[in-house]
2 protein chains.
Amino acid sequence: MTAAARPPRADAVRNRRLLLAAAADEFAEHGLDASVADIARRAGVGKGTVFRHFATKDDLVAAILTDRMDELHHRGEELLAAADAAAALHEFLTAAAGQRQERDLSFLAEAAGSMPEVAAARDRMTGTIDRIVDRAREEGVLRADITGTDVFLLMCAPNYIAGYVPDASPDLWRRYLGVILDGLRPEGARPLPAEAPTLA
Amino acid sequence: MTAAARPPRADAVRNRRLLLAAAADEFAEHGLDASVADIARRAGVGKGTVFRHFATKDDLVAAILTDRMDELHHRGEELLAAADAAAALHEFLTAAAGQRQERDLSFLAEAAGSMPEVAAARDRMTGTIDRIVDRAREEGVLRADITGTDVFLLMCAPNYIAGYVPDASPDLWRRYLGVILDGLRPEGARPLPAEAPTLA
DNA sequence: CATTAAACGGACCGCGCGGTCAACTTGGTA
DNA sequence: TACCAAGTTGACCGCGCGGTCCGTTTAATG
């Protein structure tokens with residue numbers, strides 16, 4: 001029974017927000033090796049404050065990942081309510097790639113992907129993806145042998161591919177999303193040579 | 001005019017081979033952060049010996065990358081000589097993904113991708129890819145709007161996608177290569193929303 | 001064999017990292 | 001306004017890294 005703890009102080013709330021933003025920027029610029037000291041400097045706080053809010057660097061990473069996955073989760077729910085099956089799939093993949101184009105933080109998953117709070121956020125998101133994918137398959141706008149897990153895995157590929165091109169157009173990922181979407185259509189699909197995976 | 005230097009000693013040749021193999025294993029297991037000390041231990045030599053053969057850690061990375069790219073380059077040349085256009089494209093992509101499935105060292109490119117020797121090896125390889133792709137396009141087994149650079153970029157995606165699945169079947173990448181190959185066929189291709197990139 | 005330059009090994013160096021701590025400051029409350 | 005727990009700070013710690021250096025070993029040569 002957690003007694004009603006007194007609410008956090010205003011400066012603590014502000015600093016937490018500043019830290020998450022600074023950390024996301026710093027990670028995007030320098031990868032996972034961005035140092036806690038630099039993150040603190042960018043947020044305009046002392047290094048000790050970082051560790052007051054996030055016990056370890058991995059906890060900080062986990063908080064960023066969780067936020068981003070929940071963002072996509074909510075976007076997916078909106079699309080399920082508003083868009084038709086084909087458009088929802090297309091828009092969701094576009095939203096996911098767009099988020100990553102703005103700031104590529106995918107490598108953070110490698111550091112904190114197995115933490116429980118991150119896994120929970122991922123499950124929320126994959127649940128939504130499953131619903132989008134099932135609807136698309138049932139309406140015949142997606143090939144029959146593709147699962148929600150497949151789409152979850154394919155989701156990040158366009159940015160990854162475009163990321164190899166230095167000074168690429170910021171829209172290059174759309175090109176490879178186009179190729180993948182063509183590969184996901186039911187017309188002309190050839191049987192896939194390996195079974196659909198499941199996560200954990 | 002480099003005067004004929006005396007050939008390297010037998011133990012130096014042997015140690016260089018041992019080091020490259022040990023480094024590839026160590027990088028595959030621990031990523032770019034594999035330490036030079038561990039690599040030396042695995043090769044059964046002292047740490048100083050590593051730096052005698054490779055002035056910096058990046059030079060070691062570059063040597064590994066160069067070897068692997070040249071391997072694919074030669075495989076591509078074989079396929080150009082022996083296989084028909086569609087099979088050559090299919091087989092080349094399979095070979096590239098197979099190499100990476102065995103040992104994923106793609107992240108090394110991020111550390112040494114801009115070194116001249118690595119760039120030269122990459123150019124040799126992309127030259128071969130261009131020939132494979134041009135032939136496939138001309139014979140109508142590849143959609144018209146796809147370039148050699150596109151294929152080079154798409155080449156690594158199947159492993160990347162499958163890499164997100166812990167304990168995945170070692171053949172899972174074939175599934176996503178299948179999706180991409182379907183997306184590369186001329187039949188039913190929709191116009192791509194961004195122009196083909198060029199590398200440097 | 002004797003000779004010698006090439007190759008080897010591992011103690012050593014400076015650095016920057018993630019994380020700790022105790023002295024200090026400050027927002028909220030009665 | 002007086003109080004105090006919550007919050008902040010930056011000097012500090014131990015560690016493991018990439019890279020250096022030099023005394024020792026060894027493969028090649030005539």
Side-chain angles (χ1 to χ4, degrees), chain A residues 2-27 29-65 107-108 110-112 114-115, chain B residues 2-27 29-65 107-108 110-112 114-115:
Chain A
T2 56
R6 78 166 56 178
R9 263 164 50 170
D11 55 346
V13 173
R14 194 197 67 227
N15 282 339
R16 188 174 209 279
R17 255 207 345 268
L18 287 173
L19 274 172
L20 283 170
D25 287 345
E26 205 68 21
F27 282 131
E29 285 177 22
H30 302 103
L32 193 50
D33 297 341
S35 78
V36 173
D38 284 345
I39 291 169
R41 195 171 310 124
R42 186 160 190 153
V45 305
K47 194 164 72 136
T49 300
V50 180
F51 289 101
R52 159 160 290 266
H53 288 276
F54 307 97
T56 68
K57 188 182 181 180
D58 281 354
D59 285 325
L60 173 55
V61 169
I64 295 174
L65 279 177
F107 52 83
L108 297 184
E110 163 189 324
S114 62
M115 293 179 61
Chain B
T2 56
R6 79 165 54 177
R9 265 164 51 167
D11 55 347
V13 173
R14 195 199 65 227
N15 282 338
R16 187 174 210 279
R17 252 205 349 266
L18 287 174
L19 274 172
L20 282 170
D25 287 345
E26 206 67 22
F27 282 131
E29 285 178 21
H30 301 104
L32 193 50
D33 296 341
S35 77
V36 173
D38 284 346
I39 291 169
R41 195 171 312 124
R42 186 161 192 152
V45 304
K47 195 164 72 134
T49 300
V50 180
F51 289 102
R52 160 161 291 268
H53 288 276
F54 307 97
T56 68
K57 189 182 180 181
D58 281 355
D59 286 325
L60 173 56
V61 168
I64 295 174
L65 278 177
F107 51 84
L108 297 184
E110 162 191 325
S114 62
M115 293 179 62

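Only this structure's heavy atoms are used, side chains among them; waters, hydrogens and symmetry mates stay out. Predicted, not measured: the structure shown is a model, and the values here were computed from it. Chain naming here is simple, since letters A, B, ... match the order of the sequence lines and numbering starts at 1 in each.
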Atom CG of A:L32 and atom CG of B:L32: how far apart are they, to the nearest 0.5 Å?
11.5 Å
Dot-bracket, DNA chain D: Watson-Crick or G-U, under 3.5 angstrom, [ ] crossing, | other strand?
||||||||||||||||||||||||||||||
Please identify each residue that fulfils side-chain hydrogen bond (donor to acceptor under 3.5 Å, both in side chains) with A:D58, with sequence neighbours left out.
none
DNA chain C-proximal residues of residues 34-48 of chain B, any heavy atom under 4.0 Å
B:V45, B:G46, B:K47, B:G48
The single option from B:I39, B:D25, B:I64 that satisfies side-chain contact (heavy atoms from CB on, under 4.5 Å) with B:L20 is B:I64
With sequence neighbours excluded, what pairs up with B:D11 under the salt bridge (Lys or Arg N to Asp or Glu O under 4.0 Å) test?
B:R9
Contacts of type salt bridge (Lys or Arg N to Asp or Glu O under 4.0 Å), residue A:R14, not counting sequence neighbours
none
Under a 4.0 Å heavy-atom cutoff, the residues of residues 52-64 of chain A touching DNA chain C are A:T56, A:K57
Those residues at least two apart in sequence (or on a different chain) that pass side-chain hydrogen bond (donor to acceptor under 3.5 Å, both in side chains) with A:R52 are none
To check you understand the geometry: which heavy-atom pair defines the closest contact between A:F27 and A:F107, and what is its length?
O-CZ, 3.2 Å
Tell me, please, which residues at least two apart from B:D33 pass side-chain contact (heavy atoms from CB on, under 4.5 Å).
none
Please lay out, stage by stage, how B:D59 and B:H53 fare under the test side chain to side chain contact (heavy atoms under 4.5 Å, CB included).
CA-CA 9 Å; B:D59 286 325; B:H53 288 276; over 6 Å; no
Distance under 4.0 Å to a non-hydrogen atom of chain A counts as contact; along DNA chain C, which nucleotides mark the start and end?
C:dC17 to C:dG28
List the residues meeting side-chain hydrogen bond (donor to acceptor under 3.5 Å, both in side chains) with B:E29, not counting sequence neighbours, and say none if there are none.
B:R42
When rounded to the nearest 0.5 Å, the distance separating CG of B:L60 from CZ of B:R16 is 9.0 Å
Show each protein N/O and nucleotides 27-30 of chain D N/O combination with a separation under 3.5 Å, one pair to a line.
| unit_1 | atom_1 | unit_2 | atom_2 | d |
| --- | --- | --- | --- | --- |
| D:dA27 | O4' | B:R9 | NE | 3.4 |
| D:dA28 | OP1 | B:A10 | N | 3.0 |

Within the 4.5 Å heavy-atom criterion, are A:K57 and A:V50 side-chain neighbours or not?
no
What integer distance in Å separates A:L18:CG from D:dG7:C1'?
14 Å
Shortest non-hydrogen pair, B:F51 vs B:V36, comes out as CE1-CG1, 3.6 Å
Tightest non-hydrogen contact, residues B:L19 and B:T49, listed as CD1-O, 4.1 Å
Sequence-distant partners of B:D38, salt bridge (Lys or Arg N to Asp or Glu O under 4.0 Å), two or more places apart
B:R41
